[in-house]
Amino acid sequence: MTVLAIDTSTNVMGISLLKDESVIGETITFINKNHSVRLMPAIDALMKECNIKPKELTKIVVAKGPGSYTGVRIGVTVAKTLAFSLNIPIVGVSSLKALASNGRYFEGLVCPIFDARRNLLFTGLYDFRGNETSSILNECNIDRSVWMEKLKSLNEPILFVGNDVAIHKDYIIEQLNERAIFATNNLNNQRPSELFNCSLEEKEESVHEFAPEYLRLSEAEANWLADQEK
């Protein structure tokens, strides 16, 4: 089994090659540059470095959102194109779950955060203790004040993970005090190898039916719907 894992759902661009479940190559960057220009060359370079030809790939794993609309679309489009052209399976994994899995050895709950602007969050709550990942609170696009109220009702330490946590850190501390734990910087980037680990709990999907999960409409879509209701 030779798997290519792709994540472009945020400013983090990550690709990983795994052979027989061992990571043989991984590239991760956290820079504000266009994924559409960089992704395919990065995949090509990593595959050449690892001496893997496209025909050797047996599965594609991709982060399917939420996150940046454009970023998610780029990763999903490339993943679907490769899976279709090579006639191999595709598996989608929540971008939030993949990020949360960086905290899989934390003895408590794990809360990944992507900032969604205007005090809104893309988030969810996970428990990695046990044989399978448990979703404690479903992923959502939610006002941070409402989310904090949900977390307050849980009597567990919570690890917050993600580059966007810094935007909301003071507010989180104000609301949760010592129950709020913050991941070290090296855990805040999504890792495509963790994306693969998460994919082992997911089902393969039809390339033609596979679609991103944005958790909310884009601003253009929301505006269009509002116009139709006038």
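From a predicted model like this one, the values you see are computed outputs, not experimental measurements.
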Listed by chain and number, what are the side-chain hydrogen bond (donor to acceptor under 3.5 Å, both in side chains) partners of Lys64, not counting sequence neighbours?
Glu213

Measuring from Cys111:SG to Ile172:CD1, what's the distance to the nearest 0.5 Å?
7.0 Å

State yes or no: do Val72 and Val93 share one hydrophobic cluster built from I, L, V, M, F, W and Y residues joined by side-chain heavy-atom distances below 4.5 Å, directly or via other members?
no

Mind checking the CZ-CZ spacing from Phe106 to Phe128? Nearest 0.5 Å is all I need.
12.0 Å

Within the distance-only criterion (no hydrogens, no angle test), does the side chain of Glu201 pair as donor or acceptor with the backbone N or O of Glu132 below 3.5 angstrom?
no

Measure across Val3 and Met1 and return the closest heavy-atom pair with its distance rounded to 0.1 Å.
CG2-CG, 3.6 Å

Is it true that atom NZ of Lys152 has more than 12 heavy atoms of other residues, nucleotides or ligands lying nearer than 6.0 Å?
yes

Donor-acceptor contact present, side-chain Ser94 to main-chain Leu96, <3.5 Å:
yes

Drop me the distance from Ile74's CD1 to Ser68's OG, to the nearest 0.5 angstrom.
7.0 Å

Any chance CG of Asn87 has more than 12 other-residue heavy atoms, nucleotides or ligands included, within less than 6.0 Å?
no

Please walk me through it: do Leu159 and Leu109 pass side chain to side chain contact (heavy atoms under 4.5 Å, CB included)?
CA-CA 6 Å; Leu159 177 69; Leu109 304 178; over 6 Å; no

Centroid separation Tyr214 to Tyr69 less than 6.0 Å
yes

Tightest non-hydrogen contact, residues Ile90 and Ala83, listed as CB-CB, 4.0 Å

Pairing residues for Phe160 by the ring pair (Phe, Tyr, Trp, His ring centres under 6.0 Å) criterion, not counting sequence neighbours
Phe182

Reported NZ-to-OG distance for the pair Lys97 and Ser95, which is rounded to 0.5 angstrom:
12.0 Å

State yes or no: do Leu187 and Ile158 share one hydrophobic cluster built from I, L, V, M, F, W and Y residues joined by side-chain heavy-atom distances below 4.5 Å, directly or via other members?
no

Do the side chains of Tyr171 and Met148 get nearer than 4.5 Å, heavy atoms only?
yes

Which donor-acceptor pairs under 3.5 Å do side chains of residues 119-127 form with protein atoms, sequence neighbours excluded?
residue: Thr123; atom: OG1; partner: Pro112; partner atom: O; Å: 2.8
residue: Tyr126; atom: OH; partner: Glu139; partner atom: OE2; Å: 2.2
residue: Asp127; atom: OD1; partner: Arg129; partner atom: N; Å: 2.9
residue: Asp127; atom: OD1; partner: Arg129; partner atom: NE; Å: 2.9
residue: Asp127; atom: OD2; partner: Arg129; partner atom: NE; Å: 3.4
residue: Asp127; atom: OD2; partner: Arg129; partner atom: NH2; Å: 2.9

List the atom of Gly92, the atom of Glu205, and the distance in Å for their closest heavy-atom pair.
N-OE2, 4.0 Å

State plainly whether the residues Glu149 and Arg144 are in salt-bridge range, i.e. N to O under 4.0 Å.
no

Rounded to the nearest 0.5 Å, how far apart are CG of Asp115 and OG1 of Thr10?
12.0 Å

Can you give me every donor-acceptor pair (side chain of residues 191-198, partner residue at least two apart or in another chain, under 3.5 Å) with its distance?
residue: Arg191; atom: NH2; partner: Glu26; partner atom: OE1; Å: 2.6
residue: Ser193; atom: OG; partner: Glu26; partner atom: OE2; Å: 2.8
residue: Glu194; atom: OE1; partner: Ser101; partner atom: OG; Å: 3.2
residue: Glu194; atom: OE1; partner: Arg104; partner atom: NE; Å: 3.2
residue: Glu194; atom: OE1; partner: Arg104; partner atom: NH2; Å: 3.0
residue: Glu194; atom: OE1; partner: Asn197; partner atom: ND2; Å: 3.4

Given Leu82 and Leu4, is the side chain to side chain contact (heavy atoms under 4.5 Å, CB included) satisfied, shown in steps?
CA-CA 10 Å; Leu82 289 171; Leu4 173 66; 3.8 Å; yes

Shortest non-hydrogen pair, Leu151 vs Arg179, comes out as O-NH2, 2.9 Å

Heavy-atom closest contact (Thr77 atom, Thr81 atom, distance):
O-OG1, 2.8 Å

Tell me which donor-acceptor pairs under 3.5 Å the side chains of residues 36-47 have, and how far apart each pair is, sequence neighbours excluded?
residue: Ser36; atom: OG; partner: Asn34; partner atom: OD1; Å: 2.5
residue: Ser36; atom: OG; partner: Asn34; partner atom: ND2; Å: 3.3
residue: Arg38; atom: NH2; partner: Thr29; partner atom: OG1; Å: 3.0
residue: Asp44; atom: OD2; partner: Lys48; partner atom: NZ; Å: 3.2

Are Val161 and Val110 close enough that some pair of their side-chain heavy atoms sits under 4.5 Å apart?
yes

Check whether any side-chain heavy atom of Ile6 sits under 4.5 Å from a side-chain heavy atom of Val78, and report yes or no.
yes

Sorted by chain and number, sequence neighbours left out, salt bridge (charged side-chain N to carboxylate O under 4.0 Å, His left out) with Lys19 holds for none

Apply side chain to side chain contact (heavy atoms under 4.5 Å, CB included) to Lys150 and Ile142, showing your working.
CA-CA 11 Å; Lys150 291 178 180 287; Ile142 191 171; 3.8 Å; yes

Quick one, Ile28 with Val12, criterion side chain to side chain contact (heavy atoms under 4.5 Å, CB included). Give me CA distance, side-chain angles, the key distance, then yes/no.
CA-CA 7 Å; Ile28 302 171; Val12 176; 3.9 Å; yes

Note, Trp147 side chain near His168 side chain (heavy atom, < 4.5 Å)
no

Phe84: which residues meet the ring pair (Phe, Tyr, Trp, His ring centres under 6.0 Å) condition with it, sequence neighbours left out?
His208

Do any side-chain atoms of residues 52-59 form donor-acceptor pairs under 3.5 angstrom with protein atoms, and if so which ones, sequence neighbours left out?
residue: Glu56; atom: OE2; partner: Lys53; partner atom: N; Å: 2.9
residue: Thr58; atom: OG1; partner: Thr2; partner atom: N; Å: 2.9
residue: Thr58; atom: OG1; partner: Thr2; partner atom: O; Å: 3.0

Assess whether atom CG of Asn51 is packed by more than 12 heavy atoms of other residues, nucleotides or ligands within 6.0 Å.
no

I need the Phe114 CZ to Asn141 CG distance, nearest 0.5 Å.
12.5 Å

Tell me whether Leu99 is reachable from Leu215 by hopping between hydrophobic residues (I, L, V, M, F, W, Y) whose side-chain heavy atoms are closer than 4.5 Å.
yes

Those residues at least two apart in sequence (or on a different chain) that pass side-chain hydrogen bond (donor to acceptor under 3.5 Å, both in side chains) with Asp164 are none

Would Asp20 and Ser22 count as having a side-chain donor-acceptor pair, cut-off 3.5 Å?
no

Say whether Leu154 and Ile113 are linked into one hydrophobic cluster, either directly or through other cluster members, by side-chain heavy-atom distances under 4.5 angstrom.
yes

If you group Ile, Leu, Val, Met, Phe, Trp and Tyr by side-chain heavy-atom gaps below 4.5 Å, do Ile60 and Leu200 land in one group?
no

What residues form a ring pair (Phe, Tyr, Trp, His ring centres under 6.0 Å) with Phe210, not counting sequence neighbours?
none

Of all residues at least two apart in sequence or in a different chain, which pass the side-chain hydrogen bond (donor to acceptor under 3.5 Å, both in side chains) check with Thr8?
none

Can a donor-acceptor pair be found, under 3.5 Å and without considering hydrogens, that links the side chain of Asn102 to the backbone of Asn189?
yes

Shortest non-hydrogen separation from Val76 to Ala63 and the atoms involved
CG2-O, 4.0 Å

According to side-chain hydrogen bond (donor to acceptor under 3.5 Å, both in side chains), who are the partners of Asn188, at least two apart in sequence or on a separate chain?
none

